[in-house]
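Structure first, commentary second.
Both ligands and their constituent atoms are indexed starting at 1 by order of listing. Positions are given from 1 along the sequence. Computed from a predicted model, the values in this text were never measured in an experiment. When reading the values below, keep in mind they use all heavy atoms of this one structure, side chains included, and skip hydrogens, waters and symmetry mates.
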Amino acid sequence: MKMDGHAGADGNGQGMKRVSILGATGTIGQNTCELISLNPDRFKVVALTANSNAAKLADLAVAFKAEYAALADARLEGELRRLLEGTGIACGAGPAALIEAAQRPADLIMAAIVGAAGLAPTLAGLRQGTTVALANKECLVCAGTLFMSEVARHGATLLPVDSEHSAVFQSLDAPGSKHVERIVLTASGGPFRTWTREEIAAARPEDALKHPNWSMGQKITIDSATLMNKGLELIEAFHLFNVRSDQLSAIIHPQSIVHALVYYCDGSVIAQASLPDMRTPIAYSLAWPERLNAPLKRLDLAAAGSLTFEEPDESRFPALRLAKEVLKAGGAAPTILNAANEVAVEAFLNRSISFPRIAAAVEETLSQALSGLAGVLPESLDQVMYIDGRARQIASAVLGAPGRAGAAPASPLPAGL
Ligand code: NAD
Ligand code: MG
């Protein structure tokens, strides 16, 4: 990971940092907007994107005097244009508009779209060679090798926004330090940490959406309940910090106060602590290499009382085991895992499948898809999208609902495979 600051912004109060937010209407996007609005002299909003909420996107674009607003849903272009008429804010809708938003010259791009849908715009943004604050962990899960090689090729700077990865980043003595023995990410354990297998089998979406510590978008909240989120984060850390998979592990820490620990070769362990509030790692990435004054509640360790840690139970939470296996396997496996998980989570949220079917469907999809995709590696965007599309089709078939639950048709097999 490149650590030097981007030339366009000074971050020390002189000049404005030009910021674009991909996924501005989501939880991370809204927290980013809040921090920017608290620091109007430090940040200038360039481009904002959303999936389909034209009204919310237009309101944000007007409030922040953005230069450009883009919706993913091409059918809503007319509505967005009407909403922004007379404001002087340019806009568009559809995949090309998201790319245009990402390509607008910016000093920092907050990549906060959820899922593999964020990959193409985030890649387009980092190809500016600018700083990308990466919340969208699925980018690194479905295309980690490609993503990191593009970061290097374009001289971009990648700043992790995920709280655990921000914690690791802050705890590293140097990027790519040779002295790191291992990295431990903490996990809250989610709402079902103390539930029995039988109780988990009957869990409903409303139970899974009640996260004990964090307030997040629906997909990551379900991922936190299955512990798939921690598995995705191990894969994310593998690519971000250039360590071996056997140097990475996860530990349950129900209080979510310590976010990650870096173990050094001399026995020292550096950990980062803060209250579970995403505005802290977002503020860090927005201001880096400076820090932002964030008017947030401060950690009071005496009030917290005790901090506890326990091993994750991979038999009640098999998604974590699956993600670890996929991390070791590499190749197309992480891309398939990510796509199958997106389909299965959506099916669970639609009440089409039970909670344990999420991990089971991912496992079945992996075994079916891996044989058919032997030799197809996620080395270009076309290849990633091909594997992703095939895995979505297989996952939908596995779930007994072909063509439903977020399945996108697989793009034609790219030439040269
Ligand atoms: P969210 O669901 O609240 O917001 C997602 C954003 O992406 C919205 O702006 C939405 O309009 C947009 N979007 C959704 N589907 C899209 C599509 N197909 N094309 C284009 N845009 C689309 O999600 P979130 O909780 O803000 O999470 C965003 C990302 O950050 C995820 O990858 C998540 O794993 C990661 N993350 C979130 C948190 C958190 O606390 N929320 C913490 C760590 C990491
Ligand atoms: Mg996290």
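Looking only at heavy atoms of the protein, atom 22 (C) of ligand 1 is closest to Asn51 CB, 3.4 Å. Distance from atom 20 (C) of ligand 1 to its nearest protein heavy atom, with residue and atom name: Ala72 CB, 3.5 Å. Scanning the protein for heavy atoms near atom 33 (C) of ligand 1, the closest one is Ile220 CD1, 4.0 Å. For atom 35 (C) of ligand 1, the closest non-hydrogen atom on the protein side is Ala135 O, 3.1 Å. In this structure, atom 29 (C) of ligand 1 lies nearest to the protein heavy atom Ile113 O, 3.7 Å. The protein heavy-atom contact nearest to atom 26 (O) of ligand 1 is Ile28 N, 2.9 Å. With hydrogens left out, the protein atom closest to atom 28 (C) of ligand 1 is Ala112 O, 3.4 Å, a heavy atom. Given atom 5 (C) of ligand 1, the protein heavy atom at minimum distance is Val114 CG1, 3.7 Å.
Glu325 has no carboxylate O lying under 4.0 Å from a charged side-chain N of Lys328, or vice versa, which leaves the two without a salt bridge. Look at Lys137 and Asp162 and you find a salt bridge, because one of the NZ, NE, NH1 or NH2 atoms lies within 4.0 Å of a carboxylate O, short of that distance. Remark: Arg104 engages Glu100 in a salt bridge, criterion side-chain N to carboxylate O under 4.0 Å. Taking the charged nitrogens against the carboxylate oxygens, Glu364 and Arg357 do have a contact shorter than 4.0 Å, which makes a salt bridge. The pair Arg204-Asp207 meets the salt-bridge criterion, since a charged nitrogen lies less than 4.0 angstrom from a carboxylate oxygen.
The Ala117 neighbourhood of ligand 1 comprises atoms 17 (C), 18 (N), 19 (N), with distances under 4.0 Å to a heavy atom of that residue. Remark: ligand 1 atoms within the under-4.0 Å shell around heavy atoms of Ala50 are 11 (O). The contact set between ligand 1 and Thr25, taken as ligand atoms under 4.0 Å from a residue heavy atom, comprises 8 (C), 9 (O), 10 (C), 11 (O). Of all the atoms in ligand 1, the ones that sit under 4.0 Å from a non-hydrogen atom of Asp162 are 43 (C), 44 (C). Less than 4.0 angstrom separates some heavy atom of Leu98 from each of these atoms of ligand 1: 20 (C).
With values rounded to the nearest 0.5 angstrom, Arg42 atom CZ is found 11.0 Å from Met16 atom CE.
Within Glu164, OE1 is the N, O or S atom that lies nearest to the Mg ion (ligand 2). The Mg ion (ligand 2) sits nearest to atom OD1 when only the N, O or S atoms of Asp162 are considered. Among the heteroatoms counted here (N, O or S) of Glu233, OE2 is the one nearest to the Mg ion (ligand 2).
In this structure, Asp223 falls outside the shell of residues with a heavy atom less than 4.0 angstrom from ligand 1. At least one heavy atom of Glu138 sits closer than 4.0 Å to an atom of ligand 1.
Between Gly26 and ligand 1, at least one pair of N/O atoms sits closer than 3.5 Å. Looking at ligand 1, you'll find an N or O of Gly217 within less than 3.5 Å of one of its N or O atoms. Of the polar atoms of Gly23, at least one N or O is found under 3.5 Å from an N or O of ligand 1, judged by distance alone. Among the atoms of Thr27, some N or O lies under 3.5 angstrom from an N or O of ligand 1.
In this structure, the side chain of His239 does not engage the main chain of Met148 through any donor-acceptor pair within 3.5 Å. Between the side chain of Ser224 and the backbone N or O of Asn229 there is no donor-acceptor pair closer than 3.5 Å.
Under the side chain to side chain contact (heavy atoms under 4.5 Å, CB included) test applied with Ser249, the options Leu261, Leu185, Val184 reduce to a single match, Val184. Among the candidates Ile282, Leu286, Leu134, Asn136, the single residue satisfying the side chain to side chain contact (heavy atoms under 4.5 Å, CB included) test with Val161 is Ile282.
Counting heavy atoms closer than 4.0 Å to ligand 1, residue Met278 contributes side-chain atoms (C-beta onward) but none from N, CA, C or O.
Contact of the Leu71 side chain with the Asn51 side chain is not registered, since no non-hydrogen atoms from C-beta on lie closer than 4.5 Å.
In this model, a donor atom of one side chain and an acceptor atom of the other lie less than 3.5 Å apart for Asp223 and Asn341.
Between Phe192 and Phe355, the ring centre distance stays below 6.0 Å.
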Which is it for His179 and Tyr264 under the ring pair (Phe, Tyr, Trp, His ring centres under 6.0 Å) test, yes or no, and what are the steps along the way?
CA-CA 6 Å; His179 308 302; Tyr264 286 94; 7.6 Å; no
